[in-house]
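Read the structure below first, then the notes.
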Number of protein chains: 2
Amino acid sequence: MKKTTIHDIAAELGVTFSTVARALNDHPAISAATKAAVLETARRLNYQQNKLASSLRSGRSNVIGIIVPSLDTSFFSSVVHGMERVLNENGYSVLLYQTGESQVQEQKGVNTFLQSRVDGVLASVSAEKDQTEFYASLRKRQVPLLFFDRAIQELAIPSVTINDFQGGFAATEHLIQQGYQNIVHIMSDLHLTIFKERLRGYVEALKQHGLPVREELIFKGRVSLELGQQTVQQLLETQTPFDAIFAAEDYTAMGALQTLQERGVPVPEKVGIIGFANEAFGAFVTPSLSTVDQQTVKMGEETARLFLQLSGQKNFYQETPERIVLDPILVPRKSSTRGVNQ
Amino acid sequence: MKKTTIHDIAAELGVTFSTVARALNDHPAISAATKAAVLETARRLNYQQNKLASSLRSGRSNVIGIIVPSLDTSFFSSVVHGMERVLNENGYSVLLYQTGESQVQEQKGVNTFLQSRVDGVLASVSAEKDQTEFYASLRKRQVPLLFFDRAIQELAIPSVTINDFQGGFAATEHLIQQGYQNIVHIMSDLHLTIFKERLRGYVEALKQHGLPVREELIFKGRVSLELGQQTVQQLLETQTPFDAIFAAEDYTAMGALQTLQERGVPVPEKVGIIGFANEAFGAFVTPSLSTVDQQTVKMGEETARLFLQLSGQKNFYQETPERIVLDPILVPRKSSTRGVNQ
DNA sequence: GTGAAAGCGCTAACAT
DNA sequence: ATGTTAGCGCTTTCAC
């Protein structure tokens, strides 16, 4: 079936194609009768506007590119969920690109988006150092860029993140208030601000409560179930005294919890545990896993809304970019709850 | 910064823009020297091909539209993860559309994709009855369409699904083999083949093992934690005899497990439980939740590969569409494992 | 091996 | 209220 164009509709009605174009775009200078006739004919001929042509000519694609490390994580898929819904409601389509934490892929994603002439890019970066000039290429071309969750602070780009410092602080303080004193921290070895901030929150909470910050209680690795398991094994083998664990990510916390239980260490009585991310499983495990909620859907929605708001302005790239920082929510559960000062 | 076009490169080099276009597309009739010069100049001027123009002219967009009910579920986000990776590796971009199980949204998604001139649509439908002619509009326009997980059988469209019958059968048979006799089934009230097939598997397994199929043991609702909880409450209040539950979805199974434990009914000793979907939490709860794995990432990858394979053919829409059916994998865990014939 | 020319389907400025 | 015209930036056929 040949695709129908505005020319076909025009021929059918004996008007010119520009009248049809105006009618379809609800131009005020077109009579109601003509509009009705055009609309009817368009429907009858199964007309579908060619957005490629429209975008090429108008310079606006109504497409937003989203860059995430991976959709195979509940965090990013929830964020994208929120973004897509808000953008869709506002007439935008979403192009999706996964980087797998690879900078090369990230670069490719930005280029693809540039070539697709997207009206904006929402990105969560894979790393915050090294070659990040490709993000500058968006600015050069005046394509709005916003970061979410993981931002490159040096770039003066609007962003929506959560207050990871506060999250780390709240998690650690919660453990302290439950009477734990020797608190282990397990974090990622990726060079990401989010993890450094959680660490900083951990350190600050210890200090404020007069507890020593001990380097030997801070562990780094690829956050995962295995990292949590290995860390606890190591702690037990080296007989390092500890009575709580704050893991910067829930799976890691879960691994720690599993190994403690296998070794017969009671949680939360002997060792308290808290994670980060509020993964679905935390509410269901025994003991239920305390954690910090990151408001993922809200983060996606806020990022989309900030884009909508800022892209309306004359020049998107200003000296002082808007930076929305969401409050993390402490979710205390059983894995860290015991009588105070036990 | 003005965007550079092939005309700019041509002017810079003193050749015509068609030579530049050929060079960039690695046309065989262009000398190596010219190609090198063009490539160098393109890089220097930060040239980015305008895909809108290219797609408009060539009739190929290299964009695939993906329609899912929601990304805020581990199932669909994993599937999309697999799809995006394979498509990306093969030079395609991905447009994403969430329907929220709404047919109206689904219709809109198809129209948007049509207008964006996508080269194909991969969809998981919201419902399999009612107005589905909008999927026919893709066929009319010769846009390849593939279904995944949820397909409309009547439409003769290629699809990648899992064998839900076999999954339901395996789950039920597993319970029977563990010595359970009065097996409850909790399923969705959505009119989806996937749930009907799981039910059919449940019924068939009972029959093959000489057990009666009792209507009063089959419950329907919006699958969720709450549905599992409510169903168990109802079973206990009405004192309906039962010794196992096969829930068509993991959260429902989890709700059932929780309520049984609250009421002091030991799992798996008194009641065995198995779910469906292999959600992350299942491995971590106590007792660990038996389930059926749906091979989500593989489903996404296979759907993408099937598209790549079929879209190469002369006419995509054939009389006998290829239908790939993946085998579900029984994942027996502690919630359903006890000595046989206890 | 390169150039010339047409046109994909639309938007928008300028007519009338 | 509608028509005319000129592109947007590319692909592609036909020349030479």
Side-chain angles (χ1 to χ4, degrees), chain A residues 1-39 41-42 45-63 91 112 114-119 141-142, chain B residues 1-39 41-42 45-63 91 112 114-119 141-142:
Chain A
M1 196 174 82
K2 187 76 188 59
K3 278 157 198 143
T4 79
T5 72
I6 51 176
H7 293 92
D8 300 325
I9 299 176
E12 191 91 359
L13 292 171
V15 294
T16 51
F17 72 95
S18 50
T19 300
V20 174
R22 288 196 187 92
L24 290 172
N25 291 319
D26 205 24
H27 190 105
I30 296 290
S31 72
T34 309
K35 277 183 190 168
V38 167
L39 254 37
T41 313
L45 301 183
N46 283 313
Y47 173 74
Q48 292 284 4
Q49 182 194 48
N50 187 330
K51 287 198 176 186
L52 296 172
S54 154
S55 302
L56 174 61
R57 181 58 233 253
S58 71
R60 296 195 63 218
S61 64
N62 281 293
V63 172
T112 305
L114 240 23
Q115 295 176 173
S116 302
R117 298 298 191 260
V118 296
D119 288 343
R141 289 184 157 72
Q142 296 281 73
Chain B
M1 195 176 81
K2 188 74 188 59
K3 277 157 200 143
T4 79
T5 70
I6 51 176
H7 294 92
D8 300 324
I9 299 176
E12 192 90 359
L13 292 172
V15 295
T16 50
F17 69 94
S18 47
T19 300
V20 174
R22 287 197 188 92
L24 290 172
N25 291 320
D26 205 25
H27 190 106
I30 298 290
S31 73
T34 309
K35 276 183 191 168
V38 167
L39 254 36
T41 313
L45 299 183
N46 284 313
Y47 172 75
Q48 292 282 4
Q49 182 194 47
N50 187 329
K51 288 199 175 185
L52 296 173
S54 149
S55 302
L56 174 61
R57 180 58 234 251
S58 70
R60 293 197 64 218
S61 64
N62 280 293
V63 172
T112 305
L114 239 23
Q115 295 176 175
S116 301
R117 299 298 192 258
V118 297
D119 288 343
R141 288 183 158 72
Q142 296 282 74

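Protein chains get the first letters and strands the later ones, always in sequence-line order, with residue 1 at the start of each.
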Integer-rounded Å distance: [N] [atom2] and [X] [atom1]:
X: B:I9; N: D:dG9; atom1: CD1; atom2: P; value: 13 Å
X: B:L45; N: D:dG9; atom1: CG; atom2: P; value: 15 Å
X: A:K35; N: D:dA1; atom1: NZ; atom2: P; value: 9 Å

- [ ] Select from B:H27 and B:L52 the residue whose nearest nucleotide in DNA chain D is closer to the 5' end of that strand.
- [x] B:L52
Let me confirm one number: the [atom1]-[atom2] distance from [X] to [Y], rounded to the nearest 0.5 Å.
X: B:T112; Y: A:K51; atom1: OG1; atom2: NZ; answer: 5.0 Å
X: B:T34; Y: B:L39; atom1: OG1; atom2: CG; answer: 11.5 Å
X: A:T41; Y: A:I6; atom1: OG1; atom2: CD1; answer: 13.5 Å
X: B:N25; Y: B:S58; atom1: CG; atom2: OG; answer: 9.5 Å

TODO: Report, as a single string ordered 5' to 3', how protein heavy atoms within less than 4.0 Å touch nucleotides 10-16 of chain C: B base, S sugar-phosphate only, - not at all.
DONE: BBBBB--
- [ ] By nearest nucleotide on DNA chain C, pick out whichever of A:L56 and B:T16 is the more 5' one.
- [x] B:T16
- [ ] Evaluate the criterion side-chain contact (heavy atoms from CB on, under 4.5 Å) for residue pair A:R117 and A:L56; output intermediate values, then yes/no.
- [x] CA-CA 9 Å; A:R117 298 298 191 260; A:L56 174 61; over 6 Å; no
Open item on the list: Ignoring hydrogens, what is the shortest heavy-atom contact between A:S61 and A:S55? Give both atom names and the distance.
Closed with: CA-OG, 3.4 Å
